[in-house]
Each structure stands twice: as structure tokens, then as C-alpha cells.
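Reckoned from all heavy atoms, side chains included, excluding hydrogens, waters and symmetry mates. In each ligand, atom 1 is the first atom listed, and ligand 1 is the first ligand listed. What you are looking at is a predicted structure, and each value in this text was computed from that prediction instead of being measured.
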Amino acid sequence: MRLDVITIFPEYLEPLNVSLVGKARERGLLDVRVHDLRNWTHDRHHTVDDTPYGGGPGMVMKPEPWGEALDAVIGGAGADGDADTPHGAVDGGPAPVIVVPTPSGVPFTQEAAAELAARPWLVFTPARYEGIDRRVIEDYSDRHEVREVSVGDYVLAGGEAPVLVMVEAIARLLPGVLGNAESHRDDSFADGSMAGLLEGPVYTKPPAWRGRTVPDVLVSGHHGRIARWRRDEALRRTSAHRPDLIEHAVPQEMDRADLLTLAELGWVAGSDGRFGRTPGAVEE
Ligand code: 6GU
């Protein structure tokens with residue numbers, strides 16, 4: 001997979017040389033290219049921002065440097081002249097997805113990470129200031145797939161940290177990046193038996209630490225009971241930390257033991273076919 005990042009703070013992306021993403025690069029699984037947006041300015045001060053039309057606080061990133069940078073990085077690749085195949089690659093080459101980090105974007109989820117991990121080429125455009133002149137997003141949306149993405153309901157000073165977050169979430173899904181092919185099966189939010197649930201607690205040696213022991217079931221060697229215990233802990237943790245996930249779960253997809261554990265936590269399937277909490281339910 002190829003990743004391009006266009007930024008006014010290339011050094012902010014240094015963590016991409018480290019750990020999982022750095023190893024994936026060394027092993028040739030990821031081709032990461034970080035570009036300085038100011039290379040595509042032409043004035044003495046390398047200006048990338050200006051005051052907003054209509055007034056108001058802050059600065060807006062000028063369209064010209066972004067246009068030149070994106071043209072240089074993307075070239076003609078994936079530009080689609082054929083109205084029947086939107087975002088298709090005109091020459092059969094890879095079509096880039098342009099990922100625009102912004103707090104006003106669509107939430108970045110595990111599902112979005114999996115979709116992006118399946119694409120051959122991502123171009124990230126982290127902005128500082130109050131964001132990029134709207135015409136840039138409109139112009140590239142005519143010829144490319146452009147996704148405006150937010151990493152959470154809080155405001156950061158720029159999109160560089162969100163790029164680090166997204167690249168790590170995407171890179172670990174690429175074939176061959178994680179040591180054990182099974183390693184992300186039980187992830188919180190991943191598909192599979194724990195779909196939509198948070199992961200419960202984990203333990204390792206020693207068996208006793210500061211007088212605290214490991215739950216007996218985990219050393220019982222009884223795989224069925226261990227799986228059930230983990231599932232119950234996942235339900236408990238999800239109920240406590242993310243009740244919204246229980247509210248959106250489908251009771252028909254739960255087994256009888258799940259329903260019992262949820263009932264202990266105060267959740268019962270309602271007439272609308274969803275879980276609701278009984279009044280006065282005791283939290284974990
Ligand atoms: Cl993608 N950018 C900024 N600046 N703030 C954010 C964000 C992105 N996602 C959440 N907050």
C-alpha cells in the first residue's frame with residue numbers, strides 16, 4: 001500500500017518511522033511518502049494561509065498550494081474522465097483515495113479502517129488553522145474519491161495526529177503486518193464472536209502480584225469456560241463503558257448465556273427488538 005501525507009509539519013509524522021508502521025515500511029509492505037506543503041508555495045514567506053472570506057477568527061489554508069501539491073503527488077492517476085465509472089482508474093493504474101482529516105468529517109471507525117486498508121493508495125491532507133478552502137475538496141471530489149474523516153468528538157489543532165491514528169489503525173490490518181494472523185480477530189469492534197463489544201481484562205505471569213491473583217477460570221485449562229468468561233467480561237465492560245453499543249445490539253444475535261449476563265446487568269430486550277435498561281439497574 002502507498003501512503004502520501006501532505007503537511008506543513010513533516011516532522012510531526014516522524015512516528016511513522018517507529019514500531020508497527022516503521023516495521024511495515026522496512027519490510028516493504030508500506031510505501032510512505034511525507035511531503036512539505038510549503039514546497040508548493042512561490043512567495044518569499046511560503047504562505048499557506050489567509051484570512052477567511054466573510055470574516056471571523058482564525059485563518060484558512062489557501063487553495064493554490066494544496067492544488068499544486070495534490071496534482072504533483074497524484075498526477076493523472078485515477079483521474080476519471082468516464083462518467084460511467086466514478087473514481088475509476090482511467091489507465092488501469094491504482095486510484096487514490098484522498099483522506100481529509102477534519103473535526104467536521106464522518107467518524108473514523110474500525111469499518112472505515114478496514115475499507116481503507118483494502119485500497120492500494122491513500123493520500124492524507126492534514127490541515128492546520130481553520131481548515132482548507134472548500135473549493136479544493138470540491139475540485140478533487142470531481143475526479144477522485146475524497147473522504148472527510150474525524151477521529152472523535154473533540155477539536156485538535158491540526159490533522160497530523162489524526163493521520164497517525166488512522167495510519168496505525170489501517171496498517172495493522174494489512175496482510176503480513178501483524179505477526180499472528182489471528183491477532184485482530186478479538187479486537188474491540190472487529191467482526192467475529194466479539195463483534196461490537198469491548199474487550200475484557202487480560203492477565204499474564206506471575207500468578208500472584210501484590211496479593212492479587214489471576215481469575216481461577218483462566219488457569220483451569222477449560223477452553224469452553226474460558227471463552228464464556230471472556231464473553232461475559234466483554235459484556236460487563238461494554239455495559240459499563242459503552243451502553244450505546246448494547247442499545248444498538250441485536251438481541252437475536254445473542255446466545256442464552258449472553259442474555260442472562262445482560263439481564264444481570266439490567267438489560268432486557270424490549271418490544272422494539274432492542275435492549276433497554278430496567279429502571280434502577282445496578283451498574284458494574
Ligand atoms: Cl481529523 N482534525 C482536527 N483538527 N480535529 C479533530 C479531528 C480531526 N478529529 C477529531 N478532532
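Under 4.0 Å from ligand 1, the heavy atoms of V149 that appear belong solely to its backbone. Counting heavy atoms closer than 4.0 Å to ligand 1, residue P162 contributes side-chain atoms (C-beta onward) but none from N, CA, C or O.
Between E130 and G58 the shortest heavy-atom distance is CG-CA, 3.8 Å.
Of the protein's heavy atoms, Y154 O, 2.5 Å lies nearest to atom 11 (N) of ligand 1. Protein heavy atom at the shortest distance from atom 9 (N) of ligand 1 is V151 N, 2.9 Å. Scanning the protein heavy atoms around atom 5 (N) of ligand 1, the nearest turns out to be L156 N, 3.1 Å. Scanning the protein for heavy atoms near atom 1 (Cl) of ligand 1, the closest one is T102 N, 3.1 Å.
S220 contributes a side-chain N or O that, together with a main-chain N or O of V217, makes up a donor-acceptor pair within less than 3.5 Å.
The heavy atom nearest to atom 10 (C) of ligand 1, considering only G152, P103, A161, is found in G152.
Using a 30° and 60° split on the angle between ring planes, W229 and Y203 fall in the tilted class, from 30° to 60°.
Atoms of ligand 1 found under 4.0 Å from any heavy atom of P101 (numbered from 1 in listed order, with element): 1 (Cl).
A donor atom on one side chain and an acceptor atom on the other are found under 3.5 Å apart for T7 and E160.
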